[in-house]
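What follows is a short report on a single structure.
If you're wondering where the values come from, they're calculated on a predicted model, not measured in any experiment. No hydrogens, no waters, no symmetry mates; every other heavy atom, side chains included, goes into these values. Each residue takes its place number in the sequence, starting with 1.
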Amino acid sequence: MLPVLDYIDHFKQMWELSPDTFPQFHKNYSAEEKLAHELNFDGFQKKLKEQQNVRKVQQVKNDPAKSFFPMFRSFLETVFDFDPGHLEIILSEEFKDVSKDFFYRARAFGPELDPEDIYQAMRNVWIMNGLQLMAEKPVKITPSVFAYSMIYPYSDNLLDDPEISKEQKQSFSMRFDRRLRGMLEEPLNHTEKQLFHLIAFFEDEFPRDEFPKVYESLYAIQQGQTNSLKMITQNGLSDDEICSICFEKGGASVLADGYLVAGEMTREQEQALFGYGIYLQLLDDIQDVKEDSLASTKTIFSCLPEKDLGRFVNKTIHFGRMALEEMRCFKGVKSDDFLGLMNRSIEMMIVESVGLNESWYSNDYLEAIEKVSPLHFAYLRKKRTQSKSQRFALFQKYFDMPKSKQMVV
């Protein structure tokens with residue numbers, strides 16, 4: 001079995017050793033620089049809207065990527081200061097091609113899915129593509145990359161549906177677990193049929209008797225998700241128990257990404273991916289601190305009093321930098337650029353989350369961390385209601401969605 005408890009203990013020690021002092025960042029932004037970035041952001045949105053209007057009026061059928069990607073490169077450079085090496089990964093033909101490939105496969109497999117669902121699935125595709133790059137595997141949509149990324153839109157939609165009873169959800173969870181372990185189960189509805197079909201994709205690419213750790217990693221996720229329910233349904237969890245559950249859930253999810261990319265890994269690589277998954281989980285918990293607090297969901301962050309979160313954000317950033325250093329055990333030729341891209345992207349999202357949840361931080365902390373943001377926090381808050389539609393505007397532009405599925409900018 002995978003030594004999940006050992007990995008949890010290793011990263012809990014790293015968490016304890018991570019200081020809560022304010023981190024050093026690569027740059028502070030002056031008010032004038034922020035204003036310039038904001039003008040560039042507004043200009044990009046305006047150009048995007050103009051292009052969409054032209055396409056609607058003229059019904060242009062050319063590949064939208066030809067005009068979109070040069071503009072998108074400029075946006076990433078002039079608004080968020082991505083390095084050239086990072087942009088070469090984000091905007092490489094490999095990444096663009098696999099993203100399009102996944103989108104059209106997802107639409108064919110699940111035409112009932114909303115674009116939002118496919119967008120959520122594609123975020124996991126990008127993680128797995130990055131791991132392919134680091135493991136020196138071809139960057140492409142393999143059966144397992146497709147299946148693992150598609151599982152959660154289906155399972156989450158079912159588990160989040162208020163019309164489905166708790167008993168029905170528990171029954172589904174047991175049937176899904178049995179199918180995941182190789183037992184044949186008769187699907188009771190369309191969602192289960194799709195999910196059981198996706199598990200068959202794993203079995204076709206990674207036969208169970210040849211790749212046992214692939215399936216051990218999937219069982220580890222199931223166990224992590226089961227344990228995470230304690231954070232919702234039970235009171236009295238200690239800080240140490242909350243930390244363990246958080247680390248197990250996050251670490252196991254990316255460990256499975258790695259096995260479904262590579263089939264086999266060293267223990268060093270397992271541990272490194274577990275740490276990367278924990279860092280992503282901590283990011284999610286920082287982003288969702290308000291929602292988790294209102295829902296009485298226990299996380300490392302939602303249990304803290306308001307105005308006291310800053311030192312834990314500092315601790316997360318220090319932890320993440322140490323955890324990502326362990327990823328250097330992957331020897332891909334573009335590993336350094338990809339690690340830099342991951343760290344830059346995650347830290348930027350953490351800083352943005354601070355700005356969008358200002359009531360959880362002291363004024364002194366907000367003032368200090370806003371200096372490393374390329375955009376004013378007030379500007380970010382103004383854009384908050386537009387951010388979701390903006391992401392989908394990029395998404396629809398990239399894939400030229402039919403009108404029935406388009407989102408409003």
Side-chain angles (χ1 to χ4, degrees), residues 52 55-56 59 61 63-65 96-129 140-180 183-205 218 221-222 225 253 256-257 260 284 288 291 387-409:
Q52 288 174 322
R55 289 180 61 81
K56 287 178 182 178
Q59 296 185 334
K61 298 298 181 184
D63 182 359
K96 288 188 285 188
D97 289 346
V98 295
S99 297
K100 285 188 177 183
D101 185 21
F102 176 78
F103 173 78
Y104 290 115
R105 288 193 195 190
R107 289 294 297 273
F109 181 85
E112 73 280 6
L113 293 176
D114 289 332
E116 298 98 313
D117 296 320
I118 300 176
Y119 174 80
Q120 293 297 325
M122 192 171 289
R123 293 197 301 176
N124 189 70
V125 172
W126 291 330
I127 291 173
M128 297 182 82
N129 289 158
K140 64 180 182 179
I141 303 299
T142 64
S144 293
V145 168
F146 178 80
Y148 187 49
S149 301
M150 289 291 289
I151 276 180
Y152 291 99
Y154 280 106
S155 63
D156 285 356
N157 285 348
L158 188 150
L159 293 172
D160 293 342
D161 189 341
E163 301 298 319
I164 299 176
S165 70
K166 179 181 177 181
E167 291 73 23
Q168 288 174 306
K169 291 175 183 179
Q170 289 175 334
S171 177
F172 155 73
S173 184
M174 288 187 291
R175 287 195 305 278
F176 182 65
D177 183 72
R178 288 195 293 267
R179 180 65 190 90
L180 195 61
M183 304 174 196
L184 295 180
E185 287 285 322
E186 188 67 27
L188 299 187
N189 51 50
H190 176 70
T191 296
E192 289 191 5
K193 180 180 178 181
Q194 294 289 76
L195 284 166
F196 294 173
H197 187 184
L198 290 169
I199 292 172
F201 284 33
F202 302 147
E203 295 167 328
D204 289 342
E205 185 174 4
L218 294 170
I221 293 176
Q222 190 79 346
Q225 290 180 325
S253 65
D257 280 320
L260 291 168
D284 284 347
D288 296 339
E291 292 79 3
S387 63
K388 184 175 180 181
S389 61
Q390 175 66 17
R391 284 196 299 270
F392 286 117
L394 299 181
F395 192 53
Q396 72 180 50
K397 187 70 180 174
Y398 187 47
F399 298 111
D400 199 21
M401 288 182 185
K403 290 182 181 179
S404 62
K405 292 291 185 182
Q406 285 185 349
M407 310 295 291
V408 177
V409 180

*To the nearest 0.5 angstrom, please state how far the CD1 atom of Ile199 sits from the OG atom of Ser144.*
11.5 Å
_Residue pair Asp101 / Asp97, side-chain heavy-atom distance below 4.5 Å_ = no
*Check whether any side-chain heavy atom of Tyr152 sits under 4.5 Å from a side-chain heavy atom of Asn124, and report yes or no.*
no
*Show your reasoning for whether side-chain contact (heavy atoms from CB on, under 4.5 Å) applies to Leu198 and Phe146.*
CA-CA 8 Å; Leu198 290 169; Phe146 178 80; 4.0 Å; yes
*With side chains defined as the heavy atoms from C-beta onward, is the minimum distance between Thr142 and Lys140 less than 4.5 Å?*
yes
_Steps toward side-chain contact (heavy atoms from CB on, under 4.5 Å) verdict (Ile151, Leu195)_ = CA-CA 6 Å; Ile151 276 180; Leu195 284 166; 4.0 Å; yes
*With a 4.5 Å limit on heavy-atom distance, are the side chains of Phe176 and Gln222 in contact?*
yes
_Between CE on residue Met150 and NE2 on residue His197, distance to nearest 0.5 Å_ = 11.0 Å
*Can you tell me how far the CD atom of Gln194 sits from the CD atom of Glu192, to the nearest 0.5 Å?*
11.5 Å
*Quick one: pull up CD in Glu112 and OG1 in Thr191 and give me the separation to the nearest 0.5 Å.*
7.0 Å
*Would you call Phe172 and Leu188 a side-chain contact if the rule is heavy atoms closer than 4.5 Å?*
no
*Quick one: do Tyr154 and Asp117 satisfy side-chain contact (heavy atoms from CB on, under 4.5 Å)? Show the steps, please.*
CA-CA 8 Å; Tyr154 280 106; Asp117 296 320; over 6 Å; no
*asked:* If I take atom CD from residue Glu185 and atom CG from residue Leu180, how far apart are they, to the nearest 0.5 angstrom?
replied: 11.5 Å
*Expected output: side-chain Asp114 to main-chain Glu116 donor-acceptor under 3.5 Å*: no
*Is the shortest heavy-atom distance from the side chain of Ser171 to the side chain of Glu167 under 4.5 Å?*
no
*Are Phe201 and Tyr148 close enough that their ring centers fall under 6.0 Å?*
no
*Does the side chain of Met122 reach to within under 4.5 Å of the side chain of Ser149, using non-hydrogen atoms?*
no
*asked:* Within this structure, what is the CG-CD distance for the pair Asn189 and Gln168, rounded to the nearest 0.5 Å?
replied: 9.0 Å
*Under 4.0 Å between a Lys/Arg side-chain N and an Asp/Glu carboxylate O for Arg179 and Glu186?*
no
*asked:* Is any side-chain heavy atom of Leu218 closer than 4.5 Å to one of Leu260?
replied: yes
_For Asp204, give me all partners under side chain to side chain contact (heavy atoms under 4.5 Å, CB included), at least two apart in sequence or on another chain._
none
*Heavy atoms only: give me the nearest Phe202-Ala147 pair and the separation to one decimal.*
CE2-CB, 3.5 Å
